[in-house]
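To keep things clear, I will list the structure first and then write my remarks on it.
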Amino acid sequence: MPASVHLLDHPLIQHKLTLLRRKETSTTSFRRLLKEIGALMAYEVTRDMPMLDVEIETPLETMRSKLIDGKKLVFVPILRAGTGLLDGFLDVVPGARVGHIGLYRDPKTLVAIEYYLKLPGGMSERDAVVLDPMLATGHSAVAAVERLKETRPRSIRMVCLLAAPEGIATFRSAHPDVAIYTAAIDRQLDSHGYILPGLGDAGDRIFGTK
Ligand code: URA
């Protein structure tokens, strides 16, 4: 059965997303809001994560209790905009490992080309969460997950802030086994591959490079 598309429509996420989309939102606010949304999304994305059963001592007695198997989690931001979501995810799961995938879009073909990859060891025991704010054409996400699958992680989830219907369709036909988590599904792509209505270029807005 194909994995699902999870629409994270919690009011706090939607409220912050509206502030983020506004063109007058400053770089400082954009970065802070994206971090806050990242932390809220992390709650939903980690909802069914594997847990460890450990023995602890309370001040009164010994008991068995649960811990997230945090060291088994690996967050994989797609450079560079994916790093904007990373801080919020790490706030919620500080023990997670982090891998990076660098991809750029060929401006003519919009095809994703890999220029950097660094992942932690032991990937076959890990649950991977790929982070990229914009699932636009879907080419970067498809390429990142393809590369990640070569390392055979225990599971893969794809997290974006905004998705275009075209990107979802492309991603799902390439990776029907990977669930997508998004805060909104927007109307369409423009002729340059930007999401409409969207929020503009996520990387430029995070880093103030425009
Ligand atoms: N990447 C962005 O940063 N914004 C879009 O709208 C599409 C891709």
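Numbering of ligands and ligand atoms starts at 1, following listing order.
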Checklist entry - Is a salt bridge present between Asp87 and Lys35, judged by a nitrogen-to-oxygen distance below 4.0 Å? => result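 Result for this pair is no, no salt bridge flagged.
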
Item to check | Where ligand 1 meets Ile195 - atom numbers and elements under 4.0 angstrom, heavy-atom basis | outcome: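 Result: 5 (C), 6 (O), 7 (C).
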
Item to check | Residue Gly200 vicinity, atoms of ligand 1 by number, heavy atom under 4.0 Å | outcome: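 With Gly200 as reference, the close atoms of ligand 1 come out as 2 (C), 3 (O), 4 (N), 5 (C), 6 (O).
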
Next on the checklist: Could you tell me if the side chain of Arg80 sits less than 4.5 Å from the side chain of Asp204, heavy atoms only?
Outcome noted: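 Yes, side chains in contact.
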
Checklist entry - To which protein heavy atom is atom 3 (O) of ligand 1 closest, and what is the distance rounded to 0.1 Å? => result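 For this ligand atom, the closest protein heavy atom is Ala202 N, 2.7 Å.
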
Next on the checklist: Starting from atom 5 (C) of ligand 1, what is the nearest protein heavy atom, named by residue and atom, and what distance separates them?
Outcome noted: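 The answer is Tyr194 CD2, 3.3 Å.
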
N/O donor-acceptor pair under 3.5 Å between [X] side chain and [Y] backbone:
X      : Y      : result
Thr151 : Leu148 : yes
Arg157 : Tyr181 : no
Arg31  : Ile206 : yes

Checklist entry - Could a heavy atom of Pro133 be found less than 4.0 Å from some atom of ligand 1? => result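 False for this residue.
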
Judging by distance only, is a nitrogen or oxygen of [X] under 3.5 angstrom from one on ligand 1?
X      : value
Gly193 : no
Ala136 : no
Met134 : no

Next on the checklist: Please tell me whether Ser29 and Arg22 have a donor and an acceptor in their side chains that are separated by less than 3.5 angstrom.
Outcome noted: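 Judged by distance alone, the side chains do not pair up.
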
